[in-house]
There are 2 protein chains.
Amino acid sequence: MRDRPSITDVAAHAGVSIKTVSRVVNAEASVLPATRARVDLSISELGYVPNSSARTLKSGVGDAVGVVIDTIADPFFAALVSVIETRALAEDMGVLFASTGFDEGRERDQLLRLAGQQVRGIILAPVAQDHGYLERYRASTPIVMVDRPRDTFDSVVVDDIRATRAAIDQFVRLGHTRIAFIGFDARFSTTTHRYEGYRQALAEHGIPLDHTLAPQAAAEVTDAKVATLGLFGLASPPTAIFAANPRAGIGVVDALHTTGHTGVAVISFGDFAFASVIRPAVSYIDQDPFHIGNAAIERLITLINEPGTQRKRIVLDTNLVARGSGEIRATA
Amino acid sequence: MRDRPSITDVAAHAGVSIKTVSRVVNAEASVLPATRARVDLSISELGYVPNSSARTLKSGVGDAVGVVIDTIADPFFAALVSVIETRALAEDMGVLFASTGFDEGRERDQLLRLAGQQVRGIILAPVAQDHGYLERYRASTPIVMVDRPRDTFDSVVVDDIRATRAAIDQFVRLGHTRIAFIGFDARFSTTTHRYEGYRQALAEHGIPLDHTLAPQAAAEVTDAKVATLGLFGLASPPTAIFAANPRAGIGVVDALHTTGHTGVAVISFGDFAFASVIRPAVSYIDQDPFHIGNAAIERLITLINEPGTQRKRIVLDTNLVARGSGEIRATA
DNA sequence: ATGCCCCTTGACAACGTTGTCTCATGGGCT
DNA sequence: AGCCCATGAGACAACGTTGTCAAGGGGCAT
C-alpha cells in the first residue's frame, strides 16, 4: 500500500526544491517555463494531488463550505444544496453536507464538527432557537440562516405571513369560508408563521377561527393525509384547504383524490413534483429553493470576502402560482 | 478577529502540556481524573474544537467519505446520500458531497479534489467508462460504484435487464403488443441495459421491435412528455408504455393525463413522489435508493476496515410493485 | 569592468496535532 | 531502608504545505 506522493516526491523527481513545486502548483509567477514544464511532467507522472489538510493547516482556512439542513431527502433542501454546490465550486470550494434530523443536539454536534473542519462558512437551516455557542466561531466562520430566521444572524427567508395571507385572501374572494389549514408543526417557525398568516387573514375577513379546521402536527405526508380525511368526517367540512408545506400538500391531495373530493380548492406552500400533473393541477406559493439557495450562498460568499459586513435579513418575494386547484370557487 | 483556540491554548489555560490535552481529547487512559477534569473545563471555557486538518495531516486519514453523484436535485440520489450520511455519522465521519452533472471532466475534477481531501472512501455514480487515473489512489481510498457498474471496481447495482424484462413480460401477458419504451439515454448504462431488457423480452415473445415506439434521448421530464405525445400521432399508438426512469415516468404520466389517455398501461423504473396519488396509481419497479445507499456504504466501510477485500459486485433485487397502471389489459 | 538589481530558486520555520521516547513520582516489595 | 516498576506527564519530532528570507546568477547601466 504505497503512500500517496507528496510535494517532496515531486520535487525529488523533478530535481527541484519543494518550494518550486509549490509555486508551480499554485500558478505563481517567477518560475521559468522550462522548470514549470519539468515539474508539471513529474506531477502527472506521479499522480500528485496536493494535500488539502496540509494546506488548510498552514493557511488556517479550509476549502469547503458547510451546509446544515433538516434532511437531504427533502426535495426543497436537495435543490437548495444543489445550487449551493454549483456556486461553491465556482469559488473552488467543496460542500460538506450535514443533516440535523430536526434534533438540536445533533445540530450542535454537526456544527462543531464543521467548525473543526475549518469550513469557510456555513449555511444553516436552524433547529435550535439559541446558537450562543457559535459566537466563538462566527468571527472566523460566517453563518447564514436559511428558511427560518434567527435574529442575531444573517438570514434568507420568505415572508411566510404575507404569502399565506395572500393565499387565504384568494380563497375568501372565491367565496370560501370553511378554509382548513393542514401542515402545522410547532417545531418550525415557518409553519407557525404561516398559521399566523392564516389567522390574520381570517380575522381580517371576519371569519371565525375554527380549530377543528386546523389540526396540529400534520406536517408530514401521512399525517396530513389522515388529518385531511378527518376533515370530511366533520358536520361542516372545508371547501378549501391550505397546505402549509409541500409534504402536507402531497398528503392533502392524496386524501382528496382517494376520496373523490377533487372539487375542494387547494393551495400548497411550495411546489412539489407532480403537482402540475394531477387534475386539477395544484396551485402553490412559489418558494423556490433555487432562489433561496442562491441568495444564501451569494450572501455567504460576501461575508467570507468582506468580513465585518453589516448583518442583514434577506426576504425573498413569493408568488401565488395559479394552476387550477386554488381557483376553484366555493359551491353555493 | 481572534483566532480559534488551539491545543496549545488549552494546555496553557489548564497548566498542562499539549500532549495531556491530546490525551484527554482522545479519551486515552492514564490521565488522572483531576487532571482530566481541569482540562475538560479549559476546553469548554475556551470553546476548543480539535483542528481536523491537523489531525488528518498527522494521521494521513481524513474523517469524511466522499459521495459523487449526477446531481443531488435528483430525488433518487438525494435519498441515497441521506442514508449514506446517517451511516457515516455513526462511524464519526462526515460526508463530502460532489456532483458531476454528467460531465466526465467534472467527474474527474471532483474525484481528484476528494482525493486531495483525504477522504476515507468514495461512493461514485460513475459517468466516465474509464477511471484508470484513479488506480493510484485506490490502495488508500476504496471506491464503490453505485447505480452503474464498472468492472474493475466494487459496485452496487440492480439487475436492469432482468427487472425490465419482467415488466415487459407483464405487459405481454396482459395482451399488449404495442409497447413503448420512453427514457432512453445512450449516456447511461442503466437505460441502455433497460433497453436491452425491453429488446430481449419483445424478441422472446416474437414481437417485432418497432423503433418508433422507442424514441431516443427522452430521459428528462420534458423530453419524455414530448416523446409520449408524439406516440399518439402514430398510426398505431402504443397501448402500454415502459418509462425507463422516474423522470421519464413523470413526463409520460403528464402527457397521458394531459391528453386523456389514462387507459394506457404504464410501468415506471423507480418510484417517484406522487406516483401513488395519481389515478390510476403508477406501477413501478422498486429500485429503492435506501437499499442501494445502504449496501454501498456498508460495502465501503468494509473496504475501509479490511483493505484487500476481494472485489465484489452486489446485485440487489427489485420488485415489480402493482399499483394499477401496470395492470391495465390491452383493449381488444 | 564594476556595481546594482531583478529574476529564479532554495533553505527553513511554522501551522496543530499525535506517536515515541523519556522522566519524575510514589507505592510495594525485599 | 533500598530498589523496582507502574503510572502519569512532558519534550520533541514529524505529517505536507506555504510564507519569509536569503542566495546565486545574469543583464544592464555606469
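Reminder, nothing fancy here: chain letters follow the sequence lines and each chain counts from 1.
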Q: How long is the line joining CG of A:Asn26 and P of D:dG16, in whole Å?
A: 17 Å
Q: Looking across every strand, which nucleic acid part, if any, lies under 4.0 Å from B:Thr56 by heavy atom: base, sugar-phosphate, or nothing?
A: nothing
Q: Of the nucleotides D:dT17, C:dT8, C:dT17, which one has an atom closest to the side chain of A:Leu32?
A: C:dT8
Q: In whole Å, I'd like the distance from the CD1 atom of A:Ile18 to the C1' atom of D:dT20.
A: 13 Å
Q: In whole Å, I'd like the distance from the CZ atom of A:Arg55 to the C1' atom of D:dC15.
A: 16 Å
Q: Under 4.0 Å between a side-chain N/O of A:Thr20 and OP1 or OP2 of C:dG10, yes or no?
A: yes
Q: Which nucleotide sits closest to the side chain of B:Lys19: C:dT17, C:dT9, C:dT20?
A: C:dT20
Q: To the nearest Å, how far apart are A:Asn51 CG and C:dT17 C1'?
A: 14 Å
Q: Just how far, in rounded Å, is P of C:dC15 from CD1 of B:Ile7?
A: 14 Å
Q: From the set C:dT8, D:dG10, D:dT18, return the single nucleotide nearest to any side-chain atom of A:Ser30.
A: C:dT8
Q: When all nucleic acid strands are considered with a 4.0 Å heavy-atom cut-off, which category describes A:Val16: base, sugar-phosphate, or nothing?
A: sugar-phosphate
Q: Could you check whether A:Thr35 gets within reach of a base, just the sugar-phosphate, or nothing at all, counting any heavy atom under 4.0 Å?
A: sugar-phosphate
Q: Check this for me: does the side-chain of A:Arg23 come within 3.5 Å of the base of D:dG19 through a donor and an acceptor?
A: no
Q: Minimum heavy-atom separation for B:Val25 and B:Pro50, please, with both atom names.
A: CG1-CG, 3.9 Å
Q: Nearest-Å distance, CZ (B:Arg4) to P (C:dT17)?
A: 11 Å
Q: Under a 3.5 Å cutoff, is there a donor and acceptor pairing between the side chains of A:Arg55 and B:Ser53?
A: no
Q: Checking contacts here: which listed nucleotide (C:dG10, C:dT17, D:dT17) is nearest the side-chain heavy atoms of B:Tyr48?
A: C:dT17
Q: Any side-chain donor paired with an acceptor under 3.5 Å for B:Arg148 and B:Thr192?
A: no
Q: From CG of B:Asp9 over to C1' of C:dT17, roughly how many Å is that when rounded to an integer?
A: 13 Å
Q: Are side-chain N/O atoms of B:Ser99 and B:Arg106 paired as donor and acceptor at under 3.5 Å?
A: yes
Q: From the list D:dA11, D:dT17, C:dT17, which nucleotide is the closest neighbour of the side chain of A:Pro50?
A: D:dT17
Q: Would you kindly give the CD-to-P distance between B:Glu28 and C:dT18, to the nearest whole Å?
A: 8 Å
Q: Between B:Val31 and A:Ser22, which residue's closest nucleotide on DNA chain D lies nearer the 5′ terminus?
A: B:Val31
Q: Classify the side chain of B:Lys58 versus the base of C:dG19 as yes if they form a donor-acceptor pair under 3.5 Å and no if they do not.
A: no
Q: So, for B:Arg113 and B:Ala98, which heavy atoms are closest and what is the spacing to 0.1 Å?
A: NH2-CB, 4.4 Å
